Amino acid sequence: MRTRFPPSPTGFLHVGGLRTALYNFLLARKNGGKFIFRIEDTDQKRAVAGAVENLIETLKWAGLSYDEGPDVGGQYGPYIQSERTNLYKKYAEKLVEMGAAYPCFCTAERLDQMRKEQEQHKMAPKYDRHCLHLSKDEIEKLMTAKTPFVLRQRIPDSGGAHGGSVMWKDLIRSAVTFKYETIDDQVLLKSDGFPTYHLANVVDDHLMEITHVVRGEEWLSSTPKHILLYKVFGWKIPEFGHLPLLLNKDRSKLSKRQGDVAVEDYRRKGYLPEAVINFIALLGWHPGGDGVAKGMATQEIFTLEELIQKFSLDKVHKAGAVFDIEKLDWVNWQWRRKKFEEQPGEKSEKLLGLCSEFLPQEWLADKEFLKRCLITIGEKAIKNPQEAPEHLGFYFKKSFEIAPELIANPKMKVDMEIAKKAVAAVAESLESFDNFTDQEALKIRTMEVIQKLQLKNGQVLWPTRVALTGEAFSPGVFEVLWALGKEESMRRLKAVIAKCKMLL
RNA sequence: GCCGCGUUCGUCUAGUGGCCUAGGACGCCUCCCUCUCACGGAGGAAAUCAUGGGUUCAAAUCCCAUACGCGGUACCA
């Protein structure tokens, strides 16, 4: 078995493209076959510099290794279509000899005009074969006059020797049929000498001995043209499988307008390759729930290795799937946690390793302090290391404004008077307390204060926490005291007490 | 318009004629944990299986029609 992924180097790798690549990869790996990476750059106008390198880099990031490709070589190369143009020309000429293709000299204007008329008559736009009826002399004359021309595929007539239609058994959609009269005389070779997708694709897939063509649903209606080409060449027709599309929330084809579609966007935002692969694999495919009893959970998290083991094309769906970023976020969280837990080492060291690249240089000066801070935001740092600076900011501020309405929070039943009393009492108690390295001891000590004050936990702890952090949301009081240490904790508490006095 | 493909909770899905009073996951809601956020735990709402006809003792599952959605309709891939 040989599968392939042949993107166009028109920029970034689309998440839909990644999924197509993934399924081809899984299919090949599952069956001990080869996975081939090929560049389809026959459209010169759309080629983007650096796009090939970008595709290679992104596939590498995702962990989809290929056995043959432009950068790794292989015995069927070259793997870049623009380096194979003479090949396509040769086969195109063969088609002309066999009467399966013919030159067309029609101008863009005539074609436009023709289509407009067809549309007015509510007909499907289709080449009218104007140039098919050109005599040998006429063709020769136009050729010697160097009139630009293309080569068109000659679709057989209905009811001819080949019957009236082309049918194939799609790996995903079962039997699909197209009548000859609905198939256009597709351009095979462009006037610039480059082939179109239809020719290049068939020639390459044959020459590279591709056995399974698994691609997006957008190719479904051009498949009959490809099959016809295989037939006239007398080549073995590969298996075809057409994948459902990835959709926006409104069920239109996944597009840039409604969110990120480039794999690199997700990479940049901190999504793990394992998570993206896991999530995308399940968009249009599911291994099935064999032996899963009613009420039992089905597996949601898969490693690449598990995907390879469980993958099969007959479990691929026919309908499109909406790309739901919220589920991706959840899958990403599961993966971050899993990888963090599996990684050996001290938790604080691991957190530091995870976040340090996103933190300001100054914060790295006192590593022990930083590690304590990281411990207090724990899960949040694991969930998204890139956001760690936001959660840690208050630790590194020398001073901050505390809004009166933040510290005096009616929901917590705290007014300015209670706040002052609470923070002052905690500060006083802690002044003569030295065991700041023990969170449990800090808690016991503070609870005694609360009891003495005859206040609710929240009435004391809320203003204390706000006094220490200046934030509505933050780690808890005891964690912050522990991380900050006595000196800085006392400084912050006293500063707020002074401010409360002024406000009263 | 024409051709083709599709249709199970909001979303991803399990389901291949009786195990389905349709299961799981995300999200949402409630409660618990708790000084806040997050994490974690326990529950809940949520699909007349697109609709209408068949076939069958029995249909989400098979057949037909309709509706709706999507894709293609380029000298783009």
Side-chain angles (χ1 to χ4, degrees), chain A residues 6-8 10 40-43 45-46 104 106 108 111-112 115 118-126 148-152 170 172-173 176-179 181-184 186-192 194-198 200-201 216-224 242 244-245 247 249 251-253 279 282-290 292-300 317-331 333 337 377-380 382-383 391 409 411-412 414 450 456-466 469 471-478:
Chain A
S8 285
T10 53
E40 308 222 328
D41 59 345
T42 55
D43 188 359
K45 298 183 290 288
R46 300 209 312 163
C104 169
C106 290
L111 261 18
D112 280 348
R115 289 188 189 113
Q118 286 168 333
E119 220 166 293
Q120 273 167 15
H121 292 92
K122 301 201 184 250
M123 283 157 56
K126 201 170 153 239
F149 70 98
V150 302
L151 248 34
R152 282 183 185 276
D170 196 89
I172 292 159
R173 280 147 218 284
V176 182
T177 312
F178 282 84
K179 293 193 191 77
E181 64 251 39
T182 65
I183 307 171
D184 199 7
Q186 188 64 48
V187 170
L188 259 20
L189 205 66
K190 298 183 257 188
S191 54
D192 64 1
F194 276 88
T196 59
Y197 172 88
H198 308 284
N201 183 261
E217 195 188 359
E218 68 268 28
W219 293 110
L220 195 65
S221 34
S222 37
T223 301
H242 292 273
L245 262 15
L247 274 22
K249 264 207 160 67
R251 303 206 78 88
S252 57
K253 192 173 167 181
F279 171 68
L282 263 14
L283 245 34
W285 171 82
H286 191 280
D290 300 336
V292 174
K294 182 182 170 183
M296 287 288 284
T298 50
Q299 186 175 356
E300 300 286 337
H317 301 158
K318 297 171 163 79
V322 173
F323 189 96
D324 179 14
I325 192 114
E326 286 179 326
K327 184 136 188 184
L328 204 212
D329 286 340
W330 178 80
V331 174
W333 162 232
R337 198 167 52 176
I377 64 164
E379 309 296 299
K380 286 172 188 158
I382 297 168
K383 194 164 192 170
H391 296 122
N409 186 331
K411 221 178 202 168
M412 301 306 303
V414 176
I450 296 172
K456 294 207 160 221
N457 289 353
Q459 289 177 297
V460 175
L461 296 173
W462 171 272
T464 306
R465 194 183 56 77
V466 170
T469 66
E471 303 282 344
F473 314 127
S474 81
V477 170
F478 313 115

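Just so it is clear: chains get the letters A, B, ... in the order the sequence lines come, proteins before strands, and each one is counted from 1. Note that the structure is predicted; figures quoted are calculated from it, not measured.
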> Across nucleotides 60-77 of chain B, 5' to 3', mark each nucleotide with B, S or - according to how protein heavy atoms within less than 4.0 Å reach it.
----------SSSSSBBB
> Going by purine N1 to pyrimidine N3 plus the second Watson-Crick contact, or the G-U wobble pair, all under 3.5 Å, which nucleotide sits opposite B:rG69?
B:rC5
> Round to the nearest Å and state the distance from A:His391 atom NE2 to B:rC39 atom P.
11 Å
> Considering only the C1' atoms, how many Å lie between B:rC49 and B:rC2, rounded to the nearest integer?
32 Å
> A:Phe279 CZ to B:rC12 C1': how many Å, rounded?
7 Å
> Testing the basics here: between A:Leu245 and A:Glu218, what is the closest heavy-atom pair and its distance to 0.1 Å?
CD1-OE1, 3.3 Å
> Would you list the protein and nucleotides 25-28 of chain B atom pairs, both N or O, that sit under 3.5 Å from each other?
unit_1, atom_1, unit_2, atom_2, d
B:rA25, O4', A:Glu300, OE2, 2.9
B:rA25, O2', A:Lys327, NZ, 3.3
B:rA25, N3, A:Lys327, NZ, 3.1
B:rC26, OP1, A:Trp330, NE1, 3.4
B:rC26, O2', A:Glu326, O, 3.4
B:rC26, O2', A:Lys327, N, 3.3

> Distances under 3.5 Å only, N/O to N/O: pair up the protein atoms with those of nucleotides 34-37 of chain B.
unit_1, atom_1, unit_2, atom_2, d
B:rC35, OP1, A:Asn457, ND2, 3.4
B:rC35, O2, A:Arg465, NE, 3.1
B:rC35, N3, A:Val477, N, 3.4
B:rC35, N4, A:Val477, N, 2.8
B:rU36, O2, A:Ala472, O, 3.4
B:rU36, O2, A:Ser474, N, 3.0
B:rU36, O2, A:Ser474, O, 3.3
B:rU36, N3, A:Ser474, O, 2.6
B:rU36, O4, A:Gly476, N, 3.2
B:rC37, O2, A:Lys380, NZ, 2.0

> Rounded to whole angstrom units, what separation is found between the CG atom of A:Asp329 and the C1' atom of B:rC12?
14 Å
> In the structure shown, which nucleotide is the Watson-Crick or G-U wobble counterpart of B:rC28, with both distances under 3.5 Å?
B:rG44
> Roughly how far apart, to the nearest Å, are B:rC70 and B:rU11 at atom P?
14 Å
> Suppose you measure atom C1' in B:rA46 against the same atom in B:rC26; what distance do you get, rounded to whole Å?
13 Å
> Can you check the distance between B:rU55 and B:rA60, where both ends of the measurement are the P atom (answer in whole Å)?
16 Å
> Tabulated below should be each protein N or O lying under 3.5 Å from an N or O of nucleotides 45-52 of chain B; please produce it.
none

> On a whole-Å scale, what distance lies between the P atoms belonging to B:rU48 and B:rG6?
23 Å
> Check side chain to side chain contact (heavy atoms under 4.5 Å, CB included) between A:Glu471 and all other residues, then give those that pass, not counting sequence neighbours.
A:Phe394, A:Lys397, A:Thr469, A:Ser474
> Which label fits A:His198 and A:Trp219: parallel for a plane angle under 30°, tilted from 30 to 60°, or perpendicular past 60°?
perpendicular
> Could I get the full list of side-chain hydrogen bond (donor to acceptor under 3.5 Å, both in side chains) partners for A:Arg251, not counting sequence neighbours?
none
> In terms of the nearest nucleotide of RNA chain B, which residue is placed more toward the 5' end: A:Ile172 or A:Trp285?
A:Ile172
> May I ask you to verify if any side-chain N or O of A:His317 is less than 4.0 angstrom from the OP1 or OP2 atom of B:rA14?
yes
> With heavy atoms under 4.0 Å as the rule, sort A:Lys383 into base, sugar-phosphate or nothing.
sugar-phosphate
